[in-house]
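Hydrogens, waters and symmetry mates play no part in the numbers below; they use all other heavy atoms, side chains included. Throughout, a chain's letter reflects where its sequence line sits, starting with A, and its residues are numbered from 1.
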There are 2 protein chains.
Amino acid sequence: MATNKARRVTMSDVARHAGVSRTTVSFVLNERADAAIPEDTQARIRASIEELGYRPNAGARALAAKRSEWYGLITEIVTAPFAVDVIKGAQDRAWADGKFLLITAGDNDPAMEAAAFDKLLEQRAEGLLYATTWHRAVTLPPAAREVPVVLVNCFDADGALPSVVPDEVAGGYTATRRLIDAGHRRIGFINLDTGIPAAVGRLKGYEQALREAGADIDDTLVVSGHATADGGYAAACELLDRADPGHRPTALFCGNDRTAMGAYDAIKERGLRIPDDIAVIGFDNQELIAAYLRPGLTTVALPFEAMGAKGVDMLGALTAGQPLTTTQVTVDCPLIERSSV
Amino acid sequence: MATNKARRVTMSDVARHAGVSRTTVSFVLNERADAAIPEDTQARIRASIEELGYRPNAGARALAAKRSEWYGLITEIVTAPFAVDVIKGAQDRAWADGKFLLITAGDNDPAMEAAAFDKLLEQRAEGLLYATTWHRAVTLPPAAREVPVVLVNCFDADGALPSVVPDEVAGGYTATRRLIDAGHRRIGFINLDTGIPAAVGRLKGYEQALREAGADIDDTLVVSGHATADGGYAAACELLDRADPGHRPTALFCGNDRTAMGAYDAIKERGLRIPDDIAVIGFDNQELIAAYLRPGLTTVALPFEAMGAKGVDMLGALTAGQPLTTTQVTVDCPLIERSSV
DNA sequence: ACATCGAACTAACGCGCGTTACTAAAGCGC
DNA sequence: GCGCTTTAGTAACGCGCGTTAGTTCGATGT
């Protein structure tokens with residue numbers, strides 16, 4: 001007696017059970033309006049489906065219909081705190097469109113990354129999302145040209161591929177403006193490593209807000225540190241210990257939440273209180289830091305989830321053959337109020 | 001002129017180009033040892049594949065071979081800091097086995113969860129991984145019975161399904177033992193909400209380590225708080241302010257890193273220094289907290305990545321028809337040394 | 001009474017591939 | 001020269017489904 005491995009029920013089984021042809025079942029499943037199937041026949045078929053526990057085979061369906069119903073997502077590291085939000089945004093939106101998301105990691109290794117592209121193309125993904133941990137320029141492997149691709153949180157060097165990135169300038173403006181609105185005029189800025197889009201954009205927004213408020217821009221208030229807690233600590237020390245106390249900044253705009261974490265320590269160490277003596281605002285809204293710092297860190301969020309969702313939207317348009325109006329879409333960075341301002 | 005949408009190259013195209021039959025190409029691709037194809041023919045075929053840029057169609061292959069080559073993973077929330085590590089562990093292992101991982105989220109909603117199961121079964125996933133954010137008992141939708149399932153970080157109420165969970169008792173023992181080894185005898189334990197497996201197990205390990213060291217177990221040193229920074233702060237205050245200073249615990253074992261974060265504040269507020277005046281050990285190894293607290297938090301890691309990998313291993317065995325020796329596998333929680341002990 | 005027409009289906013092809021059963025030709029012993 | 005084995009392939013079926021081009025049958029118009 002051969003063990004026949006519980007063959008799954010197919011559409012033909014349903015057709016036989018309902019006493020119709022397989023074609024009719026297919027029409028009902030795909031709700032084809034042209035082939036008018038009367039209500040009672042449809043009901044009979046649906047009953048058979050229910051009774052037999054039939055599940056359409058997505059693979060076979062994709063093969064016959066020549067569309068795969070799934071997108072691929074390539075991130076550097078699946079576990080990166082940000083990648084995760086991109087995944088969620090993309091996942092939710094894709095799910096809503098009835099698409100599946102195949103998630104792979106490049107592991108920051110060109111070979112792995114190329115393998116990921118290959119695998120996704122073998123799965124016949126209709127389109128690909130390529131997301132990075134931090135905002136920067138990238139170049140993709142050649143395989144990326146075989147299918148629609150949207151870049152998330154990055155952009156390609158020659159600007160040919162569509163991308164969706166955070167609006168760094170507006171974010172820097174938002175943060176600074178929040179401090180200005182709270183009455184601050186001398187605002188220290190602990191910037192990230194110079195040159196990267198985040199540092200360039202946020203500085204631009206910072207200066208723009210100050211200029212708009214009529215506050216003069218004091219270069220000595222801007223220091224660039226490493227984007228770590230220690231870097232933030234060192235930079236904050238430099239800003240706080242400098243010159244006479246009356247000239248000290250009354251607020252700090254930190255390039256990211258990790259530097260803010262270090263800044264907190266420097267501030268507390270000097271017996272100063274947040275936000276009474278000195279206000280602090282961060283960037284990134286890294287939940288585990290910002291929400292659990294005491295007091296809670298007011299910060300500007302990077303819209304990873306929104307970018308993931310937007311990326312899927314763009315993919316949807318691309319695969320539908322609609323031309324995109326803009327190749328680069330920017331997404332706003334919302335202010336997250338807590339208690340440090 | 002019909003726009004023929006750049007038809008992808010198929011195996012037949014390769015066969016024609018190489019001057020052989022499609023079957024031969026298939027044999028070469030699947031490296032079938034029985035059908036001996038001479039080396040030069042193989043080379044010719046491989047050259048054609050390269051030249052034409054042929055990519056096998058994974059869907060068609062799955063259909064013909066009746067095995068899908070992919071597993072499904074269902075988590076509560078994709079973005080949960082822990083889910084992410086499970087994903088990574090599972091992903092890496094699956095990838096190494098040549099399997100794809102389809103990742104879905106139940107969003108803590110039974111309807112969504114059932115939909116996720118349905119979708120994964122429609123994709124003909126060979127097996128399913130079901131992972132939770134925190135260690136607990138679960139009950140799965142009926143669809144889960146149609147395919148091999150392995151539970152990760154949870155177990156089903158009737159104990160029928162295979163599962164992989166952290167060894168909470170050993171973890172509690174490890175943490176406490178570390179403090180004992182550092183010379184501590186009065187060790188406060190800020191436990192999690194009572195009743196959950198993590199709280200029960202870790203307490204057991206805590207008591208076991210103390211008993212083994214000949215230290216007596218003082219119930220007043222164990223307080224249960226909410227698993228938050230504020231809860232940890234409150235619990236630490238209670239332990240630190242209680243009784244005469246000489247009777248104060250010299251070390252705190254915190255039920256998780258978030259409570260440790262609160263405990264840090266309580267300790268610093270009292271002018272005490274970590275680890276000189278009081279040692280602290282956490283649980284979970286939540287990177288963003290543990291690594292960036294000052295001083296870095298020594299903690300016990302929940303082995304999410306290892307559990308994800310182990311889960312895939314078990315799925316592999318199950319789908320291969322091998323019976324599992326144990327339904328419940330426990331994974332060790334390793335000690336992560338930083339500077340708080 | 002007969003042609004016409006829409007409603008309600010169905011037969012048959014093909015999607016890209018794995019696999020089984022078969023064949024043609026070459027080598028080999030006698 | 002004949003049977004036998006090995007080598008090197010190939011033809012053909014089917015996986016589960018979408019889709020196109022019909023077909024059948026009763027109702028309608030004249």
| said: Once you apply a heavy-atom cut-off of 4.0 Å, does A:S12 come out as touching a base, just sugar-phosphate, or nothing? | reply: nothing

| message | What is the separation between atom CE on B:M11 and atom C1' on C:dG14, rounded to the nearest whole Å? | response | 16 Å

| said: What's the closest nucleotide to the side chain of A:A65 if the choices are C:dT20, D:dG18, D:dA8? | reply: D:dG18

| Sub-4.5 Å side-chain heavy-atom contact between B:H17 and B:V25 | no

| note | Between CZ of A:R67 and C1' of C:dC15 the distance, given in whole Å, is 13 Å

| task | Specify the separation, in whole Å, of atom CG of B:L63 and atom C1' of D:dC13. | result | 13 Å

| said: Rounded to whole Å, how long is the line connecting atom CZ of A:R16 with atom P of C:dA11? | reply: 13 Å

| said: Can you see if the side chain of A:R22 gets near the phosphate of C:dT10 - specifically, an N or O under 4.0 Å from OP1 or OP2? | reply: no

| When you check the phosphate oxygens OP1 and OP2 of D:dC17, does a side-chain N or O of A:S26 lie under 4.0 Å from one of them? | no

| Once you round it to whole Å, what is the distance between C1' of D:dA8 and CD of B:Q42? | 12 Å

| field | Atom pair distance, as rounded to whole Å: CZ in A:R55 and C1' in D:dC15 | value | 20 Å

| request: Compare side-chain N and O positions of B:N57 against OP1 and OP2 of C:dC17 and report whether any pair is under 4.0 Å apart. | output: no

| said: Both A:A60 and B:F27 contact DNA chain C. Taking the nearest nucleotide for each, which residue is further toward the 5' end? | reply: A:A60

| remark: Winner on side-chain proximity to B:A64, out of D:dG14, D:dG18, D:dC17, is D:dG14

| task | Mind calculating the distance between CZ (B:R61) and C1' (C:dC15) to the nearest angstrom? | result | 16 Å

| Does A:T24 put a side-chain nitrogen or oxygen below 4.0 Å from OP1 or OP2 of C:dT10? | yes

| field | Test item: A:D167 side-chain N/O and A:V331 main-chain N/O as donor-acceptor pair under 3.5 Å | value | no

| field | Nearest-Å distance for atom pair CG/P, residues B:L29 and C:dG16 | value | 15 Å

| Can you tell which of C:dG16, C:dA8, C:dT19 lies closest to the side chain of B:N30? | C:dT19

| Crowding at CZ, B:R145 (>12 non-hydrogen neighbours, <6.0 Å) | no

| query | Are OP1 or OP2 of C:dT10 and a side-chain N or O of A:S21 less than 4.0 angstrom apart? | reply | yes

| message | Between C:dA11 and A:T23, counting only base atoms on the nucleotide and side-chain atoms on the residue, is there a donor-acceptor pair under 3.5 Å? | response | yes

| request: Test side chain to side chain contact (heavy atoms under 4.5 Å, CB included) on B:F100 and A:L102 and set out the steps. | output: CA-CA 8 Å; B:F100 234 98; A:L102 301 175; 3.9 Å; yes

| message | Please check: side-chain N/O of A:R44 versus main-chain N/O of A:A18, any donor-acceptor pairing under 3.5 Å? | response | yes

